[in-house]
Amino acid sequence: MKRVLVLGAGKMVEAILVGLKDAGLDLSHYYIYSPSGKSAEELARLLGAKSTKAPFSVEPDWVLLGCKPQ
C-alpha cells in the first residue's frame, strides 16, 4: 500500500476522505496532520486512518494538500 500524507483536517478534507471511505477505499495507510493535532486525531479515528504530529517523518508516496493558502 502506498502511504498518503494528508495536510489539513478541515471540513473539505473530511468530506473527501469520508467519500473515499464510503466508496470502499481502505484508509489505514493514510496519515493525517493538522497543526493542533486534535482535528487530525478525531478525523483519523473516524476514518480508520492514522494521525501524525510529525508530518516529515512519514515519508509518503503521495501528499494531499487540504489546507488554506496562507
Side-chain angles (χ1 to χ4, degrees):
M1 274 294 146
K2 294 192 182 257
R3 279 181 266 173
V4 179
L5 174 63
V6 181
L7 298 177
K11 297 294 181 187
M12 178 184 66
V13 168
E14 182 178 349
I16 292 168
L17 295 180
V18 166
L20 291 174
K21 181 176 176 138
D22 288 348
L25 188 67
D26 175 24
L27 301 179
S28 64
H29 57 283
Y30 278 56
Y31 294 81
I32 304 171
Y33 169 79
S34 65
S36 71
K38 184 177 178 184
S39 57
E41 288 175 5
E42 292 172 2
L43 185 57
R45 195 174 312 116
L46 172 73
L47 299 169
K50 299 171 185 73
S51 64
T52 182
K53 294 183 180 180
F56 298 108
S57 66
V58 173
E59 297 184 28
D61 297 298
W62 293 91
V63 176
L64 174 73
L65 296 177
C67 53
K68 296 177 185 172
Q70 299 300 318

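When reading the values below, keep in mind they use all heavy atoms of this one structure, side chains included, and skip hydrogens, waters and symmetry mates. What you see is a predicted model, and the numbers here were worked out from it, not measured in a lab.
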In this structure, OG of S39 is separated from NZ of K11 (nearest 0.5 Å) by 10.0 Å
**Asked** Any side-chain heavy atom of L46 within less than 4.5 Å of one from V18?
**Response** yes
The single option from V58, V4, V6 that satisfies side chain to side chain contact (heavy atoms under 4.5 Å, CB included) with Y31 is V58
So salt bridge (charged side-chain N to carboxylate O under 4.0 Å, His left out) across residues 40-50, not counting sequence neighbours, yields E41-K53
Heavy-atom nearest pair, G8 first then V13, reads O-CG1, 3.6 Å
Does any part of the side chain of L20, heavy atoms only, come nearer than 4.5 Å to the side chain of L47, both counted from C-beta? no
| said: Is there a continuous path of hydrophobic side-chain contacts, each under 4.5 Å between heavy atoms, that joins W62 to M12? | reply: yes
Rounded to the nearest 0.5 Å, the CZ atom of R3 sits from the OG1 atom of T52 at a distance of 11.0 Å
Minimal heavy-atom distance between S34 and A9, with the atoms involved, is CB-CB, 4.1 Å
Shortest non-hydrogen pair, I32 vs A40, comes out as O-CB, 3.5 Å
ILVMFWY network linking I16 to L5, side-chain heavy atoms under 4.5 angstrom: no
Quiz prompt | same_hphob_cluster(L65, L17) at 4.5 Å side-chain heavy-atom cutoff | solution = no
Problem set entry | Y30 with L64, same ILVMFWY side-chain cluster at under 4.5 Å | yes
Residues pairing under salt bridge (charged side-chain N to carboxylate O under 4.0 Å, His left out) where one sits in residues 12-37, two or more places apart or in two chains, turn out to be none
